[in-house]
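What follows is a single structure, written as structure tokens, with notes after it.
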2 protein chains.
Amino acid sequence: MPTIYEVSKLAGVSLATVSRVMNNTSPVRESTRKKVEAAMAELGYRPNSIARSLASNRSDSIGILVSELHGPFYGAMISSIEAEFRTAGKHVIIAAGHSEEATERDGIEFLLSRNCDALILHVEAVSDEYLVQLKAKEIPFVLINRQVPQLQPQCISLNNKLGGYLATQLLLRQGHRQLGYISGPLWKTDAQDRYRGHQLALQEAGLDWDPKRLFEGDYHEDGGSAGIRYFLQQGIPLTALICANDEMASGAMTEAREQGLFIPQQLSIIGFDNVMLSHYTYPKLSTIDYPIAAMGQMAARWVLKEVYQQKQPELQLVFEPRLIERDSCVVLPQP
Amino acid sequence: MPTIYEVSKLAGVSLATVSRVMNNTSPVRESTRKKVEAAMAELGYRPNSIARSLASNRSDSIGILVSELHGPFYGAMISSIEAEFRTAGKHVIIAAGHSEEATERDGIEFLLSRNCDALILHVEAVSDEYLVQLKAKEIPFVLINRQVPQLQPQCISLNNKLGGYLATQLLLRQGHRQLGYISGPLWKTDAQDRYRGHQLALQEAGLDWDPKRLFEGDYHEDGGSAGIRYFLQQGIPLTALICANDEMASGAMTEAREQGLFIPQQLSIIGFDNVMLSHYTYPKLSTIDYPIAAMGQMAARWVLKEVYQQKQPELQLVFEPRLIERDSCVVLPQP
DNA sequence: TTGTAAGCGTTATCAA
DNA sequence: TTGATAACGCTTACAA
């Protein structure tokens, strides 16, 4: 691997000049620039990014921590983040936090140790205080899908409450009055918010809220099937079911069918997130769109603007969910 | 950020000694080790990985190039790779190649420029020659899901042909004789191999092979639905359909249902890959398991062994697919 | 078992 | 517009 030194020798200029033509950080006479470029080409010179980082104190790398690397959700997010940074010549280092406090901390620690210029975090288990303390340290970061009051300007999130509201509203509009709700783990703020939106919609419709109609799931398929079994065993009559994410909706759909219910004729089901799988179920799942790709891209732009001082169009911090009507929710059949 | 120098001063030892206790690269008296560790703790010292890389000529980073970051398939692969490297203290840099030659080359180029110690590549569009040339350069790499004769010892792949064979065999065993096959893009070697396995099974069963019963799809849902329309329009009678991946199987399933066919009673469908979605379809998709997580892990171990000289259990380069029977394939009903 | 000192390949600050 | 040269923070011979 040729170094900048060999380039400078071949071109008959100094190290500094070669550096200048690479970074055009100060004017260089056209003729010498040509010489240098020729020398670089001849040697097949490629700058050593490590040396550059050490000298410039930037690594051009951004750490990303998500709960899981697989799963439909994070893939879309990482994908849009990577694309945005790639065109900006930055690269992305990834780590998984597995929704566990210790692992999330480890992951952050790990990324910090890698001298990332910035972090994009999708963390769930770590406390608000931890994040506030983190801000005190040197590395800038954005939070995705999390609101920390003291960190407002660096939180990119979805209006989850509105999502829960929209889902419930659809079913009410379709005439359903006997609703069930399968939530995510209620220690997660998004699970809480979605559920609050549900309650709000009920309240606005003048319906009263029955705690027995809530089942706390786990955001996985099992949560959905367990929820169905719960409602059936308790003898709670249901014509429609809201699941706080698509995976649970799929689990619920499968279990309901196994229990002999026709979907959607006997039970309307709506999910949340609009991940790929909502496409694959039968009937196709009605759901609430979570614009995760757009949010990932926005997180990347936040970094480009705040950390690398690139000019960017106005940043958007809060995103709105959208109702996606497919085939799993129908107007309540008149008896 | 405290540096190694400040640690050495506080501990009253030399730089070299601090370095030694960090890397235990040569024996250090227990008492001085204690002193150094105390100093590190007191200062909250964290070694600068960039400086370390520059000096040691290792970056402890591994570049991964996949076709897409989203999608069910690569997520599982990246996930297992990351987990394996994380415990080894290495990190992973990712890039997407989008199954396009130019983008794949760019991606590789990009990762090279990042001074990765090794590359794990899931490339499709780039030529064998390009890869052979790449080997001549300095950076070691493993290929996933690709066989290049000259690069045998660094190819981790699935026996795709066997997969196509197993899928076909199941249907034959179930009494089906009127089979259709929706392949992936036939310029991709895995698509070719899977199809060859299909042909082989037919041949062994003494059935003749009819080119009209092949439809070339795109590995996406659309390919599946287009395939169904093709077979129907051509009036080709089918009792069972093999799709070269699960996504196309899902598309085919949906389209077939829309065309009024009952699945699996009137048409058995089998997929390939066993990605998450095969779980979500209705009926649940029978398919061929592609142990991508295990293969990703193996790729990581390959790197750990070959590049970082860590001892590893024997490496496995070729993986066998496995038949997964679920609900979408049934014994041919007797007329 | 410990210390000294020469790199590693850049960037960045001064001068010229 | 260019050139010297001192960092950047660590690893690693080589000596002691």
Side-chain angles (χ1 to χ4, degrees), chain A residues 1-37 39-40 43-61 89 91 112-117 138-139 308-309, chain B residues 1-40 43-61 89 112-117 138-139 308-309:
Chain A
M1 274 280 85
T3 71
I4 195 176
Y5 175 71
E6 302 170 42
V7 174
S8 77
K9 233 175 27 185
L10 181 58
V13 299
S14 72
L15 290 188
T17 300
V18 177
S19 173
R20 288 185 187 106
V21 345
M22 288 198 303
N23 305 298
N24 49 47
T25 170
S26 79
V28 173
R29 183 179 304 145
E30 194 51 31
S31 61
T32 68
R33 146 166 280 125
K34 284 269 184 290
K35 274 194 304 190
V36 171
E37 280 166 351
M40 299 203 305
L43 293 173
Y45 169 74
R46 205 184 313 106
N48 179 318
S49 63
I50 306 256
R52 166 187 299 216
S53 294
L54 185 60
S56 67
N57 203 28
R58 280 180 298 102
S59 63
D60 284 334
S61 73
H91 73 261
L112 288 178
S113 81
R114 255 45 194 186
N115 297 78
C116 296
D117 293 335
E138 68 282 26
I139 296 192
Y308 297 109
Q309 272 77 38
Chain B
M1 275 278 87
T3 71
I4 194 176
Y5 175 71
E6 302 170 40
V7 174
S8 78
K9 232 175 29 185
L10 180 58
V13 299
S14 72
L15 288 188
T17 302
V18 177
S19 173
R20 288 186 186 106
V21 344
M22 288 198 305
N23 305 297
N24 48 48
T25 169
S26 81
V28 173
R29 182 178 305 145
E30 193 51 29
S31 61
T32 67
R33 147 165 281 124
K34 283 270 183 290
K35 274 194 305 190
V36 171
E37 279 166 351
M40 298 203 307
L43 293 173
Y45 170 73
R46 206 188 307 110
N48 180 319
S49 63
I50 306 255
R52 166 189 301 217
S53 295
L54 185 60
S56 67
N57 203 29
R58 280 181 297 100
S59 64
D60 284 334
S61 73
L112 288 177
S113 80
R114 253 50 193 185
N115 297 80
C116 297
D117 294 335
E138 69 280 27
I139 295 191
Y308 297 109
Q309 271 78 39

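Just the heavy atoms: all of them, side chains too, but no hydrogens, waters or symmetry mates, feed the values below. Note on naming: letters A, B, ... go to the chains in the order of the sequence lines (proteins, then strands), and numbering restarts at 1 for each one. Fair warning: this is a prediction, and the values are worked out from it, not measured in the lab.
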### Spacing of B:Asn48 atom CG relative to C:dT10 atom C1', expressed in whole Å
14 Å
### Message
I need the B:Leu43 CG to B:Ile4 CD1 distance, nearest 0.5 Å.
### Response
12.0 Å
### B:Val28, nearest nucleotide to its side chain (from C:dT10, D:dG9, C:dT2)
C:dT2
### Query
NA contact type, B:Val18, heavy-atom cut-off 4.0 Å: base, sugar-phosphate, or nothing?
nothing
### Task
Would you tell me if any nitrogen or oxygen in the side chain of A:Tyr5 comes within less than 4.0 Å of OP1 or OP2 on D:dG3?
no
### Summary
With the side chain defined as heavy atoms from C-beta on, B:Pro27 is closest, among D:dA4, C:dA12, C:dT1, to C:dT1
### Query
Want to settle it: does B:Ala51 or B:Val13 sit nearer the 5' end of DNA chain C, counting the closest nucleotide to each?
B:Val13
### Summary
Separation of D:dG9 atom P from B:Lys9 atom NZ, nearest Å, is 13 Å
### Query
Of all the choices, D:dG3, C:dG3, D:dG9, which nucleotide is nearest to the side chain of B:Ser14 once you look at every atom?
C:dG3
### Message
Nearest to the B:Ser26 side chain among D:dC10, C:dT2, C:dT11, which nucleotide is it?
### Response
C:dT2
### Task
Measure from the side-chain N and O atoms of B:Ser56 to the backbone N and O of B:Arg52, and report whether any donor-acceptor pair falls under 3.5 Å.
yes
### Task
Might you work through the side chain to side chain donor-acceptor pair (under 3.5 Å) test for A:Arg114 and B:Ser49, ending with a clear yes or no?
CA-CA 6 Å; A:Arg114 255 45 194 186; B:Ser49 63; 5.2 Å; no
### Query
Counting just side-chain N and O atoms, does A:Ser56 come under 4.0 Å of either OP1 or OP2 of C:dT11?
no
### Query
To the nearest Å, how far apart are A:Asn115 CG and D:dG9 P?
10 Å
### Query
Reckon B:Thr32 touches a base, only the sugar-phosphate, or nothing at all at heavy-atom distances under 4.0 Å?
sugar-phosphate
## Note on the structure
Of the listed C:dG9, C:dT2, D:dG9, the closest approach to the B:Ala55 side chain comes from D:dG9
#### Entry: Euclidean distance, atom CZ of residue B:Arg29 to atom P of D:dA16 [Å, nearest integer]
19 Å
### Task
Quick one: label B:Asn57 by what it contacts on the DNA or RNA (base, sugar-phosphate, nothing), any heavy atom closer than 4.0 Å.
nothing
### Task
Kindly indicate whether the side chain of B:Asp60, heavy atoms from C-beta on, has any atom under 4.5 Å from the side chain of B:Tyr308.
yes
### Message
At less than 3.5 Å, do the side-chain atoms of A:Arg46 and the base atoms of C:dG9 form a donor-acceptor pair?
### Response
no
### Message
What is the separation between atom CZ on A:Arg58 and atom P on D:dA7, rounded to the nearest whole Å?
### Response
21 Å
### Message
What's B:Ser19 touching, base or sugar-phosphate or nothing? Going by heavy atoms closer than 4.0 Å.
### Response
base
#### Entry: First encountered from the 5' end of DNA chain D, between B:Pro47 and B:Arg20
B:Pro47
### Sugar-phosphate, base or nothing in reach of A:Met1, heavy atoms under 4.0 Å
nothing
### Task
Write down the distance between CD1 (A:Ile4) and P (C:dG9), rounded to a whole number of angstrom.
11 Å
### Query
For D:dT11, does either OP1 or OP2 sit under 4.0 Å from a side-chain N or O belonging to B:Arg52?
yes
### Task
Describe the nucleic acid contact of A:Asn23 in one word from base, sugar-phosphate, nothing, applying a heavy-atom distance below 4.0 Å.
sugar-phosphate
### Message
Given 3.5 Å as the limit, does a donor-acceptor pair link the side chain of B:Ser53 with the main chain of A:Ile50, or not?
### Response
no
### Message
Whole angstroms only, please: what is the CG-P distance between B:Asn24 and C:dT1?
### Response
13 Å
### Message
Side chain of B:Ala16 only, heavy atoms from C-beta on: which candidate in C:dT10, D:dC10, C:dG3 is closest?
### Response
C:dG3
### Task
Using side-chain contact (heavy atoms from CB on, under 4.5 Å) as the criterion, point out the one residue from B:Lys34, B:Arg20, B:Lys35 that pairs with B:Val28.
B:Arg20
### Task
Provide, to the nearest angstrom, the distance between the CG atom belonging to A:Leu54 and the P atom belonging to C:dA12.
12 Å
### Message
Please determine whether the number of non-hydrogen atoms from other residues, nucleotides or ligands lying under 6.0 Å from atom CG of B:Asn23 exceeds 12.
### Response
yes
### Query
Is the shortest side-chain N/O distance from B:Thr17 to OP1 or OP2 of C:dG3 below 4.0 Å?
yes
